[in-house]
Amino acid sequence: GLKGMAAYAHHAYVQGYENQEVYDFFYKGLAATLNDTLGAEEWVALNMELGQVNFKIMELLDKANTESFGHPVPTAVPVTKKKGPFIVVSGHDLKDLKQLLEQTEGKGINIYTHGEMLPAHAYPELHKYSHLAGNFGGAWQDQQKEFDGIPGAVLMTTNCIQKPRNSYMDRIFTTSVVAW
């Protein structure tokens, strides 16, 4: 739970949004992992608190995303591949996706979302890029079989990465604090 919450907090932070209550809970949660005297009741209470704090960071990340990229609107997303070179982007760091879209604009490289990045198509500031071509594959847990043998690059923007297979190890890249 802390790992996922940290990813959301980081995504909000790089867009200039922070919540001290979330940061305080990181200290509390990490300190608890060193306390071998906690019983089941204390762990359940701590996990319930983690859920409440996680809800707060999700609210903050939503605010960061909507203020940065516009309010999402229902959007049809193609799931077919266009001809030409491409990059598949997975995770949920919309700022990383925007930077990639800016850097590849006009270069003939199609960008496809994967997994948790699918909602990016609904944000007006991202949807305006014509080379945001569609979505490839399904959920993050299927990445090893879905990325196996694809002839394009993969960019992971968050903690949703699994250990890459050798077949695409030379074409997978990460941003910022991503690690498997």
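Keep in mind that this is a model prediction, so the values were computed, not measured.
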Side chain to side chain, [X] and [Y], heavy atoms closer than 4.5 Å:
X	Y	answer
F147	R171	no
M58	Y8	yes
L97	L155	no
N65	Q15	yes
K28	L46	yes
T157	K95	no

>> Under the rule for ring-ring contact (aromatic ring centres under 6.0 Å, His included), what residues qualify as partners of Y17, not counting sequence neighbours?
In response: none

Around [X], counting heavy atoms of other residues, nucleotides and ligands shown, do more than 12 lie under 6.0 Å from its [atom1]?
X	atom1	answer
E41	CD	no
N35	CG	yes
K56	NZ	no
Y129	OH	yes

>> For G152 versus F86, what's the shortest heavy-atom pair and its separation?
In response: N-CZ, 3.5 Å

>> Assess the residue pair L100 and T175 against the criterion (side-chain contact (heavy atoms from CB on, under 4.5 Å)); give the C-alpha distance rounded to whole Å, side-chain angles, the decisive distance to 0.1 Å, and a yes or no.
In response: CA-CA 11 Å; L100 180 66; T175 61; over 6 Å; no

>> Distance alone, cut at 3.5 Å: any donor-acceptor contact between the side chains of D24 and Q20?
In response: yes

> Any side-chain donor paired with an acceptor under 3.5 Å for E18 and Y23?
Replying inline: yes

>> If the condition is side-chain contact (heavy atoms from CB on, under 4.5 Å), which residues does H127 pass it with, not counting sequence neighbours?
In response: T75

> What residues form a side-chain contact (heavy atoms from CB on, under 4.5 Å) with L50, not counting sequence neighbours?
Replying inline: L2, F25

> K63 and E59: salt bridge (Lys or Arg N to Asp or Glu O under 4.0 Å), yes or no, with the steps?
Replying inline: CA-CA 6 Å; K63 180 179 180 182; E59 285 179 326; over 6 Å; no

>> Run S90 and M117 through side-chain contact (heavy atoms from CB on, under 4.5 Å) and show every step you take.
In response: CA-CA 5 Å; S90 193; M117 193 59 80; 5.6 Å; no

